Amino acid sequence: MAAAAQSRQTQPDQQPIPGYLIQSSAKVPDDAAVSKPGFDAKGWYPVGSRSTVYAGLLANGRYADPFYSTNMKNVPTADFKVPWWYRADVKVTDPSRRTYLDFSGVLSKADVWVNGTRIATKDEVNGAYPRHDLDVTAQVHEGVNSVAFKVYPNDPNNDLSMGWIDWAQTPPDQNMGLVRDVVVRHSGPVALRGAHVVTKLPSLEHADLTAKADVRNDSGEAVRATVSGTVAGRPVRQEVSLAAHEKKTVTFPVIGVDRPQVWWPAGMGGQPLHDLDLTASVDGKASDASDSRFGIRDVKAPLNSSGGRQYVVNGKPLMIKGGGWSPDLLLRWDAGRAADKLAYVKNLGLNTVRLEGHIEPDEFFDLADEMGVLTMPGWECCDKWEGQVNDKEKGEPWTEADYPIAKASMTAEAERLRDHPSVLSFHIGSDFAPDARIEKGYLDALAAADWPAAVISAASAKASPKLGPSGMKMNGPYDWVPPGYWYDKAHDGAGGAWSFNSETSAGPSIPTMDTLKRMMSPAELETLWKNPAAPQYHRSESDTFANLKLFGDALTGRYGKPSGLDDFVRKAQLAQYENVRAEFESHARNFTDAKNPSTGLIYWMLNSGWTSLHWQLFDAYLDQNGAYYGAKKANEPLHIQYSYDTKSVEVVNSTAKKASGLTASVELFNVDGTKKFSQTKRDLSVSGAGAHTKALGIGPVSGLSPTYLAKLVLTDQAGKEVSRNVYWLSTKEDKLDWKNSDWYYTPTTSYADLSGLADLAQVKVSSTADSVARPDGTTVTTVKLTNTSRGKVPAFMVDTHVVGTSGTPVLPVTWSDNQVSLWPGESVTLTATYRTADLHGSAPSVRVAGWNTGTQTVRA
């Protein structure tokens with residue numbers, strides 16, 4: 001499991017306010033009194049340093065678990081229609097030094113008070129992203145001082161803040177509050193801000209580093225300052241003269257580095273990070289300091305000959321394989337949990353997460369840097385951010401006041417993210433591209449910030465006046481389509497495997513039974529399988545995605561009508577596995593196509609910030625369903641796969657090196673276990689860097705049952721199995737009605753027949769497990785599964801879960817593989833790694849459950 005990032009040591013002159021007391025403004029008659037020391041805050045609610053109002057009240061026991069059933073729906077919204085106060089006391093030990101409040105992350109606006117004086121209004125502190133650096137030296141004194149924020153209600157359609165679009169149900173407070181740290185900073189007369197390094201990497205053999213920093217004289221007298229420190233261990237020093245209240249940018253001479261330690265995405269190399277340590281001194285006395293990290297890497301993102309966006313990292317073309325990132329629904333930050341989710345990204349074989357709005361705090365990008373996960377932040381769609389350009393969609397048109405807020409947002413995020421090597425690009429548009437005036441504000445801010453990465457006009461196939469075409473597409477689907485859909489390249493308005501697919505999936509992703517029982521009432525679970533067409537609170541607040549009808553119809557049409565909740569869930573896992581696998585496999589296969597290649601895929605979405613029934617590869621509790629393991633299988637570094645469009649077997653090599661001496665085989669079986677086809681190709685070679693080769697063709701095969709199984713195996717020169725893939729297929733194909741495609745799906749007029757899976761005979765699987773607790777605080781459980789039956793039928797899609805004494809899953813967990821199929825006599829060894837503490841003192845066991853094996857639990 002991943003550990004949380006080790007943050008830079010907090011400077012004694014830079015301390016975040018650790019927590020607040022909050023209360024509704026409806027209960028506060030005097031604004032000025034709130035921020036005076038000694039104010040009686042009896043009955044106020046204590047919250048942490050980052051908290052929305054609803055999250056804070058929830059932590060204080062005011063409401064029931066919002067992740068269960070319709071508890072959140074039942075919370076009255078009237079309490080959140082008025083501003084809420086956030087109050088804290090701050091101690092100042094040396095009033096001769098200057099004091100600042102440095103913050104962003106206000107949702108969505110606030111008046112700021114210090115010791116009874118309002119120092120900023122909601123017109124000045126407006127928007128989730130602008131950074132505010134308020135000099136409060138004149139308002140503070142030695143000893144205890146009081147700071148108060150009067151936070152106004154958030155409205156994403158009218159404010160440049162954060163909203164939930166159609167991802168989930170919106171919290172009753174719409175996330176109003178303070179969701180990033182408010183840092184109290186102290187310094188001498190000269191403040192040091194914005195330290196960063198401009199990196200040039202003309203080749204992997206040489207880098208040029210240029211350090212810059214803003215120095216600001218906040219005193220009333222002219223000073224001469226010395227700015228000195230180290231850049232990646234190399235000393236720098238420069239003198240600067242500053243008039244009273246003058247600000248200058250110090251640019252240090254270029255530092256040339258031969259054979260630099262270059263930062264790479266995970267799987268392509270290491271992730272070395274370098275320190276930038278600077279101090280501004282006046283008369284030999286330190287006035288202010290800055291410590292940060294940066295990486296040496298180069299990112300380019302040109303358009304290819306087909307008009308698709310092709311990312312190139314350190315000179316190497318890279319297929320982007322990622323998912324849409326969701327924070328916690330209540331915007332509660334948990335560094336350990338974020339690390340666990342990024343560890344899942346790597347376990348899935350992905351390399352990128354896209355953040356459409358909801359741009360996470362600094363620690364998130366520290367983690368991404370350390371773990372080698374690329375990030376694609378950008379502004380969100382479907383609200384105020386695109387209200388000026390999105391015609392009749394949600395979001396009010398901009399007023400004159402919005403333009404400087406948007407530019408300040410871009411400035412703040414560019415300055416915050418520019419030194420993070422994990423940041424691949426920034427989307428200044430999502431569903432729509434900005435117009436000329438908005439684009440200019442963004443681009444001016446990015447240029448002033450020395451932005452080092454790509455800037456993309458939109459996530460859809462839109463163009464902005466200066467940047468031009470986005471090189472991306474957002475053609476859907478967002479709801480169920482059959483697996484073969486993804487291989488289509490003939491319909492240029494659809495979402496098949498070509499160009500850069502910025503957000504797409506087959507929609508619903510039903511969690512495991514363990515999670516379903518944690519998130520839904522018995523009555524809701526009954527409706528889930530009996531009537532998928534009924535509104536589902538845990539899907540979306542959007543009318544388009546309010547139910548599971550398309551998914552339910554497909555499940556019944558392809559697999560047969562569910563006989564109960566268990567049957568519905570197990571069929572859902574198969575449907576999700578095959579669909580997600582096909583989505584990633586099709587895009588990976590087409591990456592090196594000569595014509596209209598697939599350059600990137602962002603699965604919509606990676607995760608959900610809430611207990612959800614759609615758009616997730618893993619759920620809110622970090623349990624892993626069929627979608628997870630379908631993606632993990634598809635993204636193996638060296639991978640054998642079936643192509644639905646050509647009915648052939650392909651080998652895709654995403655490693656850096658050519659693979660030779662491979663043997664590929666395919667076998668087809670009827671559901672009674674009878675083998676109907678077998679073919680092998682030896683001495684196979686496939687180049688690296690995403691190349692693929694057709695290994696075998698499967699022509700017409702007589703005697704196949706309507707539902708049949710395909711087993712694909714790839715072995716290396718030594719005969720060791722390096723990839724194994726099992727498909728459930730049909731002699732009857734899914735048929736799509738392309739002419740009636742909508743923006744979120746293409747209708748299916750006839751379904752494949754996979755109902756024969758119900759006829760798979762029951763087989764016996766023997767299971768043994770052993771666990772070893774390691775000194776690093778993790779436990780590794782090794783599981784051996786063997787199909788001990790004497791017949792011909794495989795043990796189909798056998799799932800393993802590590803469970804505690806109570807039978808609940810141990811989460812998070814990373815498995816080497818899972819949901820495997822074994823023919824008689826075959827064995828597989830799987831390993832699970834998890835934190836020992838997550839056993840909560842229990843002895844581990846392993847629950848083994850397959851489609852046709854029954855369920856057993858063995859001690860580990």
Side-chain angles (χ1 to χ4, degrees), residues 265-268 304 308 310-311 313 316-323 346-352 483-489 496-501 577-603 629-666 679-698 710-717 720-727 729 817:
M268 297 180 70
N304 62 23
Q310 173 64 70
Y311 283 88
V313 179
K316 296 186 180 297
L318 176 66
M319 180 180 175
I320 299 302
K321 296 187 289 185
K346 294 174 66 173
N347 183 250
L348 282 163
L350 306 179
N351 54 32
T352 303
Y485 172 97
W486 301 107
Y487 285 87
D488 174 74
K489 293 178 75 170
W498 50 272
S499 191
F500 194 111
N501 225 334
Y577 188 110
E578 62 164 345
N579 213 310
V580 175
R581 175 176 60 182
E583 182 175 349
F584 278 103
E585 286 181 338
S586 60
H587 286 75
R589 188 200 69 177
N590 292 355
F591 173 55
T592 53
D593 282 4
K595 182 179 179 181
N596 206 5
S598 169
T599 56
L601 169 63
I602 300 296
Y603 182 86
Y629 290 111
K632 178 176 170 61
K633 175 58 63 176
N635 292 314
E636 292 174 328
L638 184 58
H639 179 65
I640 189 168
Q641 65 186 60
Y642 173 79
S643 294
Y644 283 80
D645 56 343
T646 59
K647 295 181 173 57
S648 61
V649 176
E650 301 263 352
V651 177
V652 179
N653 183 9
S654 299
T655 71
K657 297 180 180 179
K658 180 178 180 179
S660 301
L662 303 173
T663 297
S665 68
V666 57
Q679 192 173 0
T680 299
K681 177 67 176 293
R682 294 181 173 80
D683 200 23
L684 190 69
S685 295
V686 56
S687 299
H692 69 94
T693 187
K694 180 178 177 181
L696 299 163
I698 303 174
K711 180 171 73 169
L712 282 58
V713 176
L714 184 70
T715 57
D716 62 15
Q717 286 179 314
K720 179 183 177 182
E721 185 174 289
V722 294
S723 179
R724 176 189 180 93
N725 214 343
V726 175
Y727 294 79
L729 302 170
D817 196 5

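Since the structure is predicted, the reported quantities are computational estimates derived from the model, not experimental observations.
- Each of E636, R581, Q641 was evaluated against N725; a single residue qualifies, R581, per the side-chain hydrogen bond (donor to acceptor under 3.5 Å, both in side chains) test.
- Closest heavy-atom contact between A582 and Y644: CB-CE1, 4.1 Å.
- Atom NZ of K647 is separated from atom CD1 of I698 by 9.5 Å, given to the nearest 0.5 angstrom.
- Across all non-hydrogen atoms, the minimal contact from P265 to L318 is CG-CD2, 4.3 Å.
- Residues I320 and N351 meet the side-chain proximity criterion, which asks for heavy atoms closer than 4.5 Å.
- Atoms CZ and CG, on R589 and D645 in that order, are 4.0 Å from each other to the nearest 0.5 Å.
- Counting only heavy atoms from C-beta outward, the side chains of I602 and F500 approach each other to under 4.5 Å.
- A pairwise comparison of heavy atoms in G697 and K694 identifies CA-CE, 4.1 Å as the closest pair.
- Taking both residues in full, the closest heavy atoms of S499 and N596 are given as N-OD1, 3.9 Å, listed atom of the first, atom of the second, then distance.
- Taken from CD in E650 to OG1 in T693, the straight-line distance is 7.0 Å, to the nearest 0.5 Å.
- Between K681 and V651, every side-chain heavy-atom pair lies at or beyond the 4.5 Å cut-off.
- Note that CZ of R682 and CG of L662 are 13.0 Å apart. Values are rounded to the nearest 0.5 Å.
- Using the six-membered ring where Trp is involved, W486 and H587 have ring planes that are tilted, between 30° and 60° apart.
- Taking each heavy atom of S723 and I640 in turn, the nearest pair found is OG-N, 3.1 Å.
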(message) Checking K711 against R724 for the side chain to side chain contact (heavy atoms under 4.5 Å, CB included) test, could you report, in this order, the C-alpha distance in whole Å, the side-chain angles of both residues, the deciding distance, and whether it holds?
(response) CA-CA 7 Å; K711 180 171 73 169; R724 176 189 180 93; 3.7 Å; yes
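- Of the candidates D683, T680, V722, T680 is the only one forming a side chain to side chain contact (heavy atoms under 4.5 Å, CB included) with T663.
- Between K633 and D817 a salt bridge is recorded (basic side-chain N to carboxylate O distance below 4.0 Å).
- Checking N501 against E583 by side-chain atom types alone, no donor-acceptor pair falls below 3.5 Å.
- By the 4.0 Å N-to-carboxylate-O rule, K489 lies close enough to D593 to be salt-bridged with it.
- Between Y642 and Y727 the shortest heavy-atom distance is N-OH, 3.0 Å.
- Within the 4.5 Å cutoff, side-chain heavy atoms of L350 are placed close to those of F584.
- Atoms CG and CD, from L601 and E585 in turn, are 12.0 Å apart once rounded to the nearest 0.5 Å.
- In this structure, NZ in K632 is found 7.5 Å from CG in L348, a value given to the nearest 0.5 Å.
- Contact check for W498 versus K595: no side-chain heavy atoms found under the 4.5 Å cut-off.
- S654 is not listed as a side-chain neighbour of H639, based on a closest heavy-atom distance of 4.5 Å or more.
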